[in-house]
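Single-structure report; data block below.
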Amino acid sequence: MGILATPTALSPGEFAVTANIRVVSMSIAAYDYLLTIPLEYRLYRSSDGGRLGLILFILIRYISAILIVVSNVGFFSRDFSPESCGRYFYVIPVFKLLQIMVSQAILGIRAYNIARRNVWVGRVILLGYFIVVGFQWETDLFHQRPVTAHGNCMISNADPRLITSIWAFYMVAMLYDFLVLSISTVCLLKMKSTPSGASAASQLVKMLLYDGLGYFIVVTVVNATNILIHRGTLHSAQTAAASLGNAITWITSQRILIHPREARTEQKSVIRPLIPHVVPSTVCHRDSGGTMSEGTVNRVHSTGSQGDLGEEKDDGYLQVRIERSIVVNTEPEDGEAIEDLKSKWGPEDGV
């Protein structure tokens, strides 16, 4: 970890800028937390405690909240001595490591599911995950030092010239993000190019694609900024950038989890009122190989429409409810991938 730094005084201007950035970070995180409380309540009611999506949601939510609280308690306090700051110092990097581990797990599981749980893809992601996490524990715990200024407790880069310095923490995080999001993006683009996929599945593919690209752009900008700042020795800029990065990692990781569920909820709210009385019947159709397959067809009677003379009439029409789509094209594996994605990327699970 290094020896305790000599107490360093921040100028009034440096302190004001750093404090304002931290307040903005806390405000953004608090606003997002309050905004997602109703969703959290619905998750508790609709999901059992063993579902992976719910577990990851709780972990990223409350580990990030604790990290932001303990980090800002250290910065805004006036009661720390160099010795007490050295003890308190361990709390902040540990929670930061836990936050980044959960965030990277969310991205890795997401890419694995989008890749249809391919064994080799899973092994690559798992190997990359443990390599990156091991390096991040080394850099975050042993290559930073506590700095006291006006009785507060901040974290500073021990030696920016070392390859294991804290700037490398953000570099390997960028490399891992690039790896897993490249895997998921390639798979999603392949599915998106399938011309005969179901519309609901196509919308899901598009949403997952945009979520992944948006996450990568935002988090990469934050990580690149932290790399540049941590290559220097300006303590106030380092602690401000780290605080903003903690809030953005929390919000973006959480959104990656909840967007699929929100899309499913909106879809149900639109479709459910349009379903009248359903009378099931059975039909058969041929697939591309000439095999007869049985499907479910629902004859729907809508009893409220008006005829030309104003009297009520029974408009019977056929509504096909597809339990599992049969996609016929020159690339059947891509079509099947869309339906397989719908079953494996269930919004109820969130992952």
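Below, all heavy atoms of this structure are taken into account, side chains as well, without hydrogens, waters or symmetry copies.
Here the CD1-CG distance, from I125 to L107, works out to 9.5 Å after rounding to the nearest 0.5 Å. Note that the CH2 atom of W137 and the CD1 atom of I100 stand 12.5 Å from one another [nearest 0.5 Å].
The main-chain N or O of M101 is found under 3.5 Å from a side-chain atom of Y129 such that the two form a donor-acceptor pair. Formation of a donor-acceptor pair under 3.5 Å by the S27 side chain with backbone atoms of V23 is found in this model.
For the pair I92/F75, no side-chain contact is recorded, criterion being any heavy-atom separation below 4.5 Å from C-beta on. Considering only heavy atoms from C-beta on, L56 comes within 4.5 Å of L52 through its side chain. Between V222 and L244, the closest side-chain pair of non-hydrogen atoms is not below 4.5 Å. Taking 4.5 Å as the limit, some side-chain heavy atom of I68 sits within range of a side-chain heavy atom of W250. Residues M174 and I227 are in side-chain contact: their nearest non-hydrogen atoms beyond the backbone lie under 4.5 Å apart. Counting heavy atoms from C-beta on, the side chains of V70 and Y88 come closer than 4.5 Å. Residues N246 and F95 have side chains not in contact (no heavy-atom distance under 4.5 Å, counting atoms from C-beta outward). At least one side-chain heavy atom of T185 sits less than 4.5 Å from a side-chain heavy atom of L213.
Applying the side chain to side chain donor-acceptor pair (under 3.5 Å) test to residues at least two apart or on different chains, none of the pairs has a partner in residues 216-227. Note on residues 53-75: pairs passing side chain to side chain donor-acceptor pair (under 3.5 Å), not counting sequence neighbours, are R22-S71, R22-N72, Y33-Y62, T36-R61, E40-R61, E40-Y62, R61-Q254, S64-Q99.
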Derivation of the side-chain contact (heavy atoms from CB on, under 4.5 Å) call for F57 and I106: CA-CA 9 Å; F57 178 83; I106 291 171; over 6 Å; no

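Taking every heavy atom of both residues into account, L188 and V205 meet most closely at O-CG1, 3.5 Å. Taking both residues in full, the closest heavy atoms of R255 and D211 are given as O-OD2, 4.5 Å, listed atom of the first, atom of the second, then distance. Across all their heavy atoms, A240 and I21 have their closest contact at O-CG2, 3.7 Å.
A donor-acceptor contact closer than 3.5 angstrom is absent between the side chains of S103 and Y176.
Residues V219 and L228 do not share a hydrophobic cluster, clusters being chains of Ile/Leu/Val/Met/Phe/Trp/Tyr side chains in contact below 4.5 Å.
For S184, the side-chain contact (heavy atoms from CB on, under 4.5 Å) partners at least two apart in sequence or on another chain are R110, A111, I114, L181.
Counting heavy-atom neighbours within 6.0 Å of F178 CZ, excluding the residue itself, gives a total of 12 or less.
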